[in-house]
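Since the structure comes first, as structure tokens, the remarks are kept for the end.
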Amino acid sequence: SKNTDSHGGIPIATQELATELIHINTQLTHVKGRMRLDGQIFNNGTQPLEKIKITACFNRADISSIGPSGDTLHYLLPGQSYEVSIWLEARVSAEDIIIGLKVRAKSNGESLKNTVYLEPFDLKLKGRPYQTERQYSQS
């Protein structure tokens, strides 16, 4: 399924994690100076996932969240998926920023904890989140 996105933006990174119980897709997009972390949680198992807590993981010295930094869901039945979007903003220019999505849930009374980390990236506060070629003038 193609991500038809009304916000536009520049994809920074995508990552996924699949276990026998849960499948997590994450995508980070740079949109007008901010970042949007999209997560999709899919119940791969045969039991309902319960008490699901989805949270963005990031260094609060570099990044702040705009609005809630996660979501809570009572349950997700087998075969069902749930999508969440979390808006983030850089406080400072930084290198090797790591952002992740943590998903906690209970399945059949057992606690699950999965975290998906996106590839590290550099972010200049002004401008776009990738390295630019520096031009040096010859003197």
Side-chain angles (χ1 to χ4, degrees):
S1 64
K2 279 274 172 265
N3 194 0
T4 51
D5 191 333
S6 57
H7 291 293
I10 304 152
I12 299 174
T14 59
Q15 193 60 261
E16 64 179 312
L17 170 78
T19 71
E20 56 191 59
L21 297 178
I22 196 166
H23 190 129
I24 306 166
N25 287 315
T26 53
Q27 180 175 11
L28 189 66
T29 309
H30 191 252
V31 186
K32 296 182 181 129
R34 293 177 168 179
M35 292 168 288
R36 194 184 68 238
L37 178 63
D38 292 311
Q40 184 189 40
I41 289 55
F42 183 78
N43 184 343
N44 261 350
T46 56
Q47 302 284 334
L49 293 172
E50 300 174 312
K51 295 184 179 158
I52 304 155
K53 203 166 160 52
I54 306 162
T55 329
C57 304
F58 51 88
N59 182 343
R60 296 189 193 298
D62 298 337
I63 307 279
S64 60
S65 64
I66 305 161
S69 63
D71 214 340
T72 307
L73 197 60
H74 292 298
Y75 61 89
L76 194 61
L77 297 174
Q80 280 190 335
S81 68
Y82 182 75
E83 292 183 11
V84 62
S85 288
I86 300 162
W87 285 90
L88 304 170
E89 196 166 47
R91 293 177 190 271
V92 292
S93 296
E95 294 182 356
D96 292 332
I97 297 172
I98 296 176
I99 291 177
L101 191 71
K102 182 177 6 180
V103 179
R104 288 181 183 169
K106 287 215 184 325
S107 174
N108 220 3
E110 222 175 295
S111 290
L112 307 175
K113 197 160 102 178
N114 293 297
T115 307
V116 185
Y117 289 104
L118 293 150
E119 304 248 319
F121 63 95
D122 297 347
L123 189 62
K124 294 210 173 355
L125 206 51
K126 296 282 176 254
R128 294 182 169 176
Y130 45 78
Q131 293 296 85
T132 54
E133 292 294 319
R134 289 200 181 86
Q135 300 294 321
Y136 292 105
S137 58
Q138 303 288 324
S139 50

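Remember, predicted model here, so these are calculated numbers, not experimental data. Starting from 1, each residue takes its place in the sequence as its number.
- Atom CD of Glu119 has 12 or fewer heavy atoms from other residues, nucleotides or ligands within 6.0 Å.
- To the nearest 0.5 Å, atom NZ of residue Lys51 and atom OG of residue Ser107 are 13.0 Å apart.
- Side-chain N or O atoms of Asn43 include one that pairs as donor or acceptor with a backbone N or O of Leu76 at under 3.5 Å.
- Remark: Ile86 CD1 to Asp71 CG distance equals 7.5 Å, nearest 0.5 Å.
- Atom CD1 in Ile97 sits 7.0 Å away from atom CG in Asp122 (nearest 0.5 Å).
- Rounding to the nearest 0.5 angstrom, the gap separating the CD atom in Glu95 from the NZ atom in Lys124 is 6.5 Å.
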Expected list for residues 52-60: side-chain donor-acceptor pairs under 3.5 angstrom, two or more places apart:
from, atom 1, to, atom 2, distance (Å)
Asn59, OD1, Ala61, N, 2.8

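- Interatomic distance, CG of Leu88 versus CG of Leu37, reported as 6.0 Å (0.5 Å rounding).
- When the side chains of ILVMFWY residues are joined at heavy-atom separations under 4.5 Å, either directly or via intervening members, Ile41 and Leu21 end up in a single hydrophobic cluster.
- Glu50 CD to Leu112 CG: the interatomic distance, rounded to the nearest 0.5 Å, is 10.5 Å.
- The hydrophobic cluster containing Val84 also contains Leu73, counting ILVMFWY residues as joined when their side-chain heavy atoms lie under 4.5 angstrom apart, directly or transitively.
- Here the side chain of Thr29 pairs no donor or acceptor atom with the backbone of Val31 at under 3.5 angstrom.
- Nearest heavy-atom pair, Gly45 versus Pro78, reported as atom, atom and distance to 0.1 Å: O-CB, 3.2 Å.
- In this structure the side chain of Leu49 never reaches within 4.5 angstrom of the side chain of Val103, judged on heavy atoms.
- No side-chain heavy atom of Asn25 sits under 4.5 Å from any side-chain heavy atom of Thr14.
- For Tyr117, the OH atom counts as loosely surrounded, since its 6.0 Å shell holds 12 or fewer non-hydrogen atoms of other residues, nucleotides or ligands.
- In this structure, Asn114 has no side-chain hydrogen bond (donor to acceptor under 3.5 Å, both in side chains) partners at least two apart in sequence or on a different chain.
- A side-chain donor-acceptor contact under 3.5 Å links Thr19 to the backbone of Ile22.
- Minimum interatomic distance between Phe42 and Ser81 (heavy atoms only, all atoms of both residues): CD1-CB, 3.6 Å.
- Scanning both residues, Ser69 and Ser65, for their nearest heavy atoms gives CB-OG, 3.6 Å.
- Annotation: side chain of Leu123 is in contact with side chain of Met35 (closest heavy-atom distance under 4.5 Å).
- Val116 and Leu28 fall within a single hydrophobic cluster, where Ile, Leu, Val, Met, Phe, Trp and Tyr side chains are chained together by heavy-atom contacts under 4.5 Å.
- Taking Ile, Leu, Val, Met, Phe, Trp and Tyr as members and joining any whose side-chain heavy atoms lie under 4.5 Å apart, directly or through other members, the hydrophobic cluster of Tyr75 also contains Leu77.
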